[in-house]
Each structure stands twice: as C-alpha cells, then as structure tokens.
Amino acid sequence: MTSRTVPLDGTLHDYLMAIGLTEHPVMRELREFTAGHRMAKMQIAPEQGQFMGWLVHLLGVRRYLEIGVFTGYSMLAAMLAMPADGDAVACDVSEEFTSIARDYWQRAGVAGRIRLELQPALLTLQQLLAEGQAGQFDLVFIDADKPSYQDYFEACLQLVRPGGVIAIDNIFLSGRVVSPRPQDPPGVHLMHAFNARLQQDARIRHCVLPIGDGLTLCTRLR
C-alpha cells in the first residue's frame, strides 16, 4: 500500500514548527535544556507536546496520569492545558531525571498539583486502584519501559474513565516493530505483539498517529 503521508524532511519540519507550535516559555526552556542531556532522545517532540496540550483541552481533562516522566516536558504540556483545579499523578523511578522536572514544574507554577511517585509504576497503579481511583482519570500517557506496556495498559484501562483516553508512545520503536529479528531486544517483540493485540481489543476504540515515534490513542468504551 502506497503511503499518502508526506515525508517530513528538515525543511517541512521547520515549517511545521513555525505554524504549528505555541509553546509556553518554560516548556521551551525545558526542551532546550533537555536537548543537551545524555538521554535527550527520551523526550517527546515539541509537536507531540502541542498535540498533548490540545488533547487535554479537547477532553476537558482534570485528572491526568503519566507513566514515564523523564525531565517533565509531557507533564508540563498537559498541566498547562488543564484548568486550575486539575491535577496529575506522575510515575517514574529516577530521582535524577525528575529533579529536573520538578524544577521546571515549579517555575511554571504547576508543581503543587502533581503527585510524583518514585517507585516502579505498577506499584503506583496498584496503589491507585486500592485507593478507589478506578475510573477517575480522564487521560493517561504511557511512555516508559516497553516490556511492561501490556501490564501498564491493563491497569490503566481500569483507572481511566469510560470515554477517557490512554495515549501510548513509541509504538514504532524507530521501525523495528515491523519485522522483529531474533537478535532484537525482547521489548521489540513484546511491542510488536502488544500493537497487534490492541487492534483486536473490543474494550477500546483506537487510532494510531505517525507522530514522533508513533502514538496510539485508545478510548475506553465501557
């Protein structure tokens, strides 16, 4: 099948940034700071941050859950698009990375509305369920260790409200998911299987967007 998606070369990407990005000054500062980080490739693209903010506004999100924070750009995009009474839970295991995030959240005035949990995300998700928070989140963003995606998804499907959205990042893995090789890391094979299962999952309606490294959006149906 011939692709009808226009390839995004450098010139066209610059044009996209010129017409499609309205970035809060603190978000820009964080993005530029993270560009020099040794793990900079873990940060979502600015156009994806723009999309996340738009999605938060569209859904009227007041409760947001994020799995995989890194230096906090995606969380900042969501929080700045949320009303003042909105709040979030952030899951990560790195004090090093999230210390950067907390600094920029503070600068943007949203840190007080973010509950940061520094422990394996599955423990936090189980705690949220134990606290009676099933069906309480409007939007979930999964962007963490790929082998755990299926477990994250199953827990998040309980935590998100009917009609709410689970956004799943890096579903392309730079194209390696198309035809995994025996020598590829286990995460590639697991992501390949995970993507296939989502297509057949009757509990959701899903859409895959060719943004960044691939983004799947899932709406919980019931």
Original post:
Say you draw a straight line from CG of Leu125 to CG of Leu65; how long is it, rounded to the nearest 0.5 Å?
Top reply: 6.0 Å
**OP:** Could you check Glu117, Arg115, Gln119 and say which one makes a side chain to side chain donor-acceptor pair (under 3.5 Å) with Thr124?
**Re:** Gln119
Original post:
For Pro147 and Gly187, which heavy atoms make the closest approach, and how far apart are they?
Top reply: CG-CA, 4.1 Å
Original post:
Nearest 0.5 Å, what's the CG-CZ distance between Leu157 and Arg203?
Top reply: 5.0 Å
Original post:
Within a strict 4.5 Å, meaning less than it, do heavy atoms of the Cys218 and Arg205 side chains meet?
Top reply: no
Subject >> Distance, nearest 0.5 Å, that separates CD1 of Ile100 from OG1 of Thr34 >> reply: 6.5 Å
Subject >> Side-chain (His206) to main-chain (Gln200) donor-acceptor, under 3.5 angstrom >> reply: no
Original post:
Is there side-chain contact between Tyr73 and Tyr104, with heavy atoms separated by less than 4.5 Å?
Top reply: no
Original post:
What's the spacing between Arg176 CZ and His192 NE2 if we round to 0.5 Å?
Top reply: 14.0 Å
Original post:
Are side-chain heavy atoms of Pro83 and Asp85 found at a separation under 4.5 Å?
Top reply: yes
Subject >> Approximate separation, where rounding is to 0.5 Å, of Gln50 CD and Leu16 CG >> reply: 9.0 Å
Subject >> Heavy-atom closest contact (Gln133 atom, Leu159 atom, distance) >> reply: O-CD2, 3.6 Å
**OP:** Kindly work out whether a path of hydrophobic side-chain contacts (I/L/V/M/F/W/Y, heavy atoms less than 4.5 Å apart) joins Phe33 to Met39.
**Re:** no
Subject >> Minimum heavy-atom distance Ala108-Leu76, with the two atoms named >> reply: CB-CD1, 3.5 Å
**OP:** Return yes if some donor-acceptor pair links the side-chain N/O of Arg220 with the main-chain N/O of Val160 below 3.5 Å, else return no.
**Re:** yes
Subject >> same_hphob_cluster(Met42, Phe172) at 4.5 Å side-chain heavy-atom cutoff >> reply: no
Original post:
Can you tell which of Ile171, Val208, Ile168 makes a side chain to side chain contact (heavy atoms under 4.5 Å, CB included) with Leu198?
Top reply: Ile168
Original post:
Rounded to the nearest 0.5 Å, how far apart are NE2 of His189 and CZ of Arg181?
Top reply: 8.5 Å
Original post:
Is the side chain of Thr98 donor-acceptor paired with the backbone N or O of Ala101 at a distance under 3.5 Å, no angle test?
Top reply: no
Original post:
Which pair of heavy atoms, one from Met79 and one from Arg113, lies closest together, and at what distance?
Top reply: CE-NH1, 3.5 Å
Original post:
Linking I/L/V/M/F/W/Y whenever their side-chain heavy atoms sit closer than 4.5 Å, directly or via other members, would Ile44 and Val56 fall into one cluster?
Top reply: yes
Original post:
Ignoring hydrogens and geometry, is there a side-chain-to-backbone donor-acceptor pair from Asp151 to Ser148 under 3.5 Å?
Top reply: no
Original post:
Can any side-chain N or O of Asn170 pair as donor or acceptor with the backbone N or O of Asp213 at less than 3.5 Å?
Top reply: no
**OP:** Give me the ring orientation class for Phe70 and Phe97: parallel if the planes are under 30° apart, tilted from 30 to 60°, perpendicular past 60°.
**Re:** perpendicular
**OP:** Run the numbers on Tyr152 and Gln150 for side chain to side chain donor-acceptor pair (under 3.5 Å), then give the verdict.
**Re:** CA-CA 5 Å; Tyr152 295 151; Gln150 186 66 45; over 6 Å; no
Original post:
Would Arg38 and Glu96 count as a salt bridge (Lys or Arg N to Asp or Glu O under 4.0 Å) if you check the C-alpha gap in whole Å, the side-chain angles of each, and the deciding distance to 0.1 Å?
Top reply: CA-CA 12 Å; Arg38 60 186 173 83; Glu96 175 193 352; 3.0 Å; yes
**OP:** Please check if the side chain of Asp169 supplies one atom and the backbone of Leu215 the other of a donor-acceptor pair under 3.5 Å.
**Re:** no
**OP:** Please assess Arg62 against Asp87 for the test salt bridge (Lys or Arg N to Asp or Glu O under 4.0 Å), listing each intermediate value before the final yes or no.
**Re:** CA-CA 6 Å; Arg62 280 179 163 77; Asp87 59 45; over 6 Å; no
Subject >> Heavy-atom pair with the smallest gap, counting every atom of Trp105 and Ala90 >> reply: CH2-CB, 4.2 Å
**OP:** Answer yes or no for Arg197 and Phe194: cation-pi contact, defined as NZ/CZ to six-membered ring centre under 6.0 Å and angle to ring axis within 45°.
**Re:** no
Subject >> Under 3.5 Å donor-acceptor, Gln158 side chain and Ala134 backbone >> reply: no
Subject >> Cluster check Leu21, Tyr15: I/L/V/M/F/W/Y, side chain < 4.5 angstrom >> reply: yes
Original post:
At their closest point, which heavy atom of Asp138 faces which heavy atom of Gly60, and how far apart are they?
Top reply: OD2-O, 4.4 Å
Original post:
Are Val69 and Ile142 connected in a single hydrophobic cluster, I mean Ile/Leu/Val/Met/Phe/Trp/Tyr linked by side-chain heavy atoms less than 4.5 Å apart?
Top reply: no
